[in-house]
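First up is the structure itself, then whatever we jot down about it.
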Amino acid sequence: MRLTRTGDLWWKTAVVYCLDVETFSDSDGDGCGDFRGLSQRLDHLHELGVTCLWLMPFYPSPDRDDGYDITDFYGVDPRLGTHGDLVEFLRLARDRGIRVIIDLVVNHTSDQHPWFRSARSSRDSPYRDFYVWRDEPPEDGPSDVVFPDKEDSVWQYDEEAGQYYLHRFYKHQPDLDVTSPDVRDEIARVLGFWLELGVSGFRVDAVPFLLETAGALDAEDLPNPHDFLRDLRAFLSRRSGEAILLGEVNLPYPELRTFFGDEDGDELTMCFDFPGMQQLYLAMAREDASVLATTLRERPAAPKDGHWATFVRNHDELTLDKLSDDERGEVFAAFGPDPSMQLYDRGLRRRLPPMLDGDPARLRLVYSLLFALPGTPTLFYGEEIGMGENLAAEGRLAVRTPMQWTDGPNGGFSAVEPDHLVGPVVEGDFAPAKVNVAAQQDDPDSLLSWFTAMIRVYRRCPELAWGDGAVLDCPGAPALFVHRSDLDGQTVVTVHNLGREPVATRLALAGVESGDRLTQLAGSGGFRGSHGSGGSGGDLTAGDGGAVDLDLAGYGYCWLRIRRRGTTGTG
C-alpha cells in the first residue's frame with residue numbers, strides 16, 4: 001500500500017503508548033515525575049518504536065482521583081512543570097516522529113474548579129447551568145454508581161447551593177451539563193487550545209457518560225446527544241486534519257458501533273475494543289481460543305476512516321463487566337483469586353506479568369496476539385519490560401506505580417526518599433532489582449528487545465491495519481487462534497496457541513497454490529511446518545489446496561507472510 005494513500009490516517013498503523021507524567025520520570029528530585037523528566041526519556045520510547053504517546057491528565061488538580069478531578073482544563077499541574085516544559089516536550093517528541101494525544105476529561109470537573117465554586121454560590125451565577133441541579137433527586141434520573149465501594153448515590157446535596165448536584169463518578173466530581181450550549185462551546189475551546197499547542201488528538205474519557213442526558217430537565221425534548229460528538233469531530237477536523245478522537249466506550253458491540261457515527265464515521269475516530277479484551281482474558285483462562293474467535297467474528301467493521309484500538313492492559317481497572325458472573329469467576333480464579341486483587345466485583349487491579357507468574361513464553365504469546373489482532377495496539381507504560389503491580393497501593397493505583405528504569409533506589413525514577421514518592425514502587429519478584437529498562441536494553445533475549453523487534457515486524461505488515469481480515473477455523477485445535485489478513489495481493493497469517501500443550505494442525509489457505517512459500521516473520525521456539533522448518537526464519541511450502549501443516553509448542557505463535565510464485569513481496 002502506498003504511503004501517499006495512508007499517511008493522513010496515521011492512527012491505523014500507530015503504536016500507542018499510555019503514560020502518566022507523574023509516575024514516569026522525576027527530573028528535579030521532588031518524588032513526582034514531570035515533563036522535563038519525560039523529555040529525557042523520549043529516546044527510550046523512540047527506540048522501542050512508539051509512534052503515538054497518550055498522556056493521562058496533567059492538568060491542575062487536587063489529585064483526589066489521580067488527576068481526573070480537574071480545576072483548570074487549560075493548565076499544567078505545577079508539580080509536573082509549566083506550559084513551556086510541555087511545549088518543549090511536544091517539540092522533542094515531534095522531532096522523533098512521535099505524535100501526542102492527551103486525555104479529554106470533560107464529563108465532570110473537580111468541586112474545586114472555579115466554575116463549580118461560582119455555580120454553587122448563587123443561582124444567578126453564569127456557571128450555575130454548567131452543572132445539573134435538582135431540589136430533590138428525580139425518581140427517574142440516573143442511578144448507576146460507577147464506584148460502588150466509595151459512593152452509594154449519584155446525587156449529592158450541597159449546603160451552599162441549597163440543591164442536589166449530579167455526579168456519576170465521585171461526589172467531589174460534579175458532572176458538567178453537556179446539554180448547555182455554553183458548556184459545549186467551552187469544551188470546543190479546550191480542544192482548540194491544545195491543538196494550537198501541537199497535540200494530535202484526544203483520548204475522550206468515559207464517552208457514554210459525557211453524552212448522558214438522563215439527568216437533564218426535559219431530556220426527552222433535547223437533541224440527539226450524538227450530535228454533540230459530531231460537532232466536536234467537525235470542529236477537530238476544521239482545526240487539524242490529522243487530529244483524532246479515541247473514545248473510551250465500554251459497551252456491547254451494537255451500541256459501541258454507534259459512537260463511530262455509524263457508516264458516516266463522523267463521531268469518534270477510534271474506539272477501544274473492550275468486548276474483545278474481556279473475551280481475550282476468558283480465552284486465556286480457558287486456554288481455548290473459541291470465545292475470542294467468536295467475538296472477533298461478531299465485531300462490526302469500523303467505518304472506512306475509523307479504526308478499533310486493541311489493548312491488553314490500561315491505566316484503569318481491568319474491567320470484566322461484560323462477562324457473565326460465571327465467566328468472570330473463571331477469570332478471577334485464573335488471574336486474581338485473592339479478593340485484594342479484584343476491584344468493584346467486576347475487574348482486576350493487576351498487571352499481566354504477575355497474572356501469568358512471569359512466564360516469558362506466555363507473555364510473548366499474549367503480546368504477539370495484541371499486535372496481530374485487527375486494530376491499533378495500545379500499550380500501558382512498563383508493559384515493554386514486564387512490570388508488575390503493587391497491591392499495597394489503593395484501588396487502581398496498584399498498576400500506576402513509578403516506572404522502573406534501573407535496579408537502583410526507587411528504580412531510577414527519582415532520587416528522593418521512598419516515603420516522598422508520588423506512589424510506592426513495585427516489590428517482590430517484579431521489583432526494580434529484577435525488572436528494569438537498563439538491564440534489558442542491551443540483552444537480546446529480554447522482553448524489551450522482543451517488544452522492539454515485534455513492533456518492527458508489526459510496522460512491516462500493513463495488511464493487519466488495512467487488509468480484509470478473517471478468523472480461520474482450526475477443527476480439532478480449540479487452543480489455536482488463527483487470523484488472516486489480505487491486502488493488494490499480499491497475505492499475512494498469524495497463529496497463536498493459547499494452550500500449554502503442543503498443537504499440530506493443518507491449515508487450508510484459500511487462494512494459496514501448491515508451491516507458494518510462507519516466510520516466517522516472527523515466532524517462538526518449537527514451531528515447525530511441512531516442507532520446511534520454523535523457529536529460525538525458514539520458509540514453508542504450501543501443499544495441494546494451499547495446505548500447510550503447523551506444529552506449535554505450548555504457548556507458541558508464528559507470523560507468516562505468503563509469497564506467491566512469480567511475485568516479490570516485502571516485509
message = With a 4.0 Å cut-off on N to O distance, would you call D43 and R41 a salt bridge?
response = no
key: R36/D85 salt bridge by N-O under 4.0 Å criterion   =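 Salt bridge between D85 and R36, a charged N being under 4.0 Å from a carboxylate O: yes.
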Just wondering, do [Y] and [X] contact through their side chains at under 4.5 Å, heavy atoms?
X: R351; Y: E383; answer: yes
X: Y555; Y: M284; answer: no
X: L379; Y: C18; answer: no
X: L42; Y: L53; answer: yes
X: S368; Y: M454; answer: yes
X: F259; Y: L229; answer: yes

Minimum-distance pair of heavy atoms, taken over all atoms of A372 and L464 = O-CD2, 3.9 Å
task = Would you name the heavy atoms of G37 and S27 that are closest together and state the gap between them?
result =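 The pair with the smallest heavy-atom distance is N-CB, 3.6 Å.
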ask   = Can you tell which of V87, L86, T82, D34 makes a side-chain contact (heavy atoms from CB on, under 4.5 Å) with V76?
value =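 Looking at V87, L86, T82, D34, the match for V76 under the side-chain contact (heavy atoms from CB on, under 4.5 Å) is L86.
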remark   = Sorted by chain and residue number, the salt bridge (Lys or Arg N to Asp or Glu O under 4.0 Å) partners of R400 (sequence neighbours excluded) come out as D66
For [Y], is there any backbone N or O sitting under 3.5 Å from a side-chain donor or acceptor partner on [X]?
X: D359; Y: L356; answer: no
X: T295; Y: Q279; answer: no
X: Q440; Y: L448; answer: yes
X: R349; Y: G395; answer: yes

task = May I ask you to check whether over 12 heavy atoms, not counting those of Q40, lie within 6.0 Å of atom CD?
result = no
What about the rings of [X] and [Y], do their centers lie closer together than 6.0 Å?
X: Y381; Y: W405; result: no
X: W54; Y: F380; result: no
X: F311; Y: F274; result: yes
X: F58; Y: F35; result: yes

Check: residues 411-429 side-chain donor-acceptor pairs under 3.5 Å, at least two apart:
{"from": "S414", "atom 1": "OG", "to": "D26", "atom 2": "OD2", "distance (Å)": "2.5"}
{"from": "S414", "atom 1": "OG", "to": "V416", "atom 2": "N", "distance (Å)": "3.2"}
{"from": "D429", "atom 1": "OD1", "to": "K434", "atom 2": "NZ", "distance (Å)": "3.4"}

ask   = Has R233 got its NZ or CZ under 6.0 Å from the middle of the six-membered ring of F202, at an angle within 45 degrees of the ring axis?
value =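 Output no; distance or angle outside limits.
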key: Ring geometry between F73 and Y59 (parallel below 30°, tilted from 30 to 60°, perpendicular above 60°)   =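 If you compare the ring of Y59 with that of F73, the planes turn out perpendicular.
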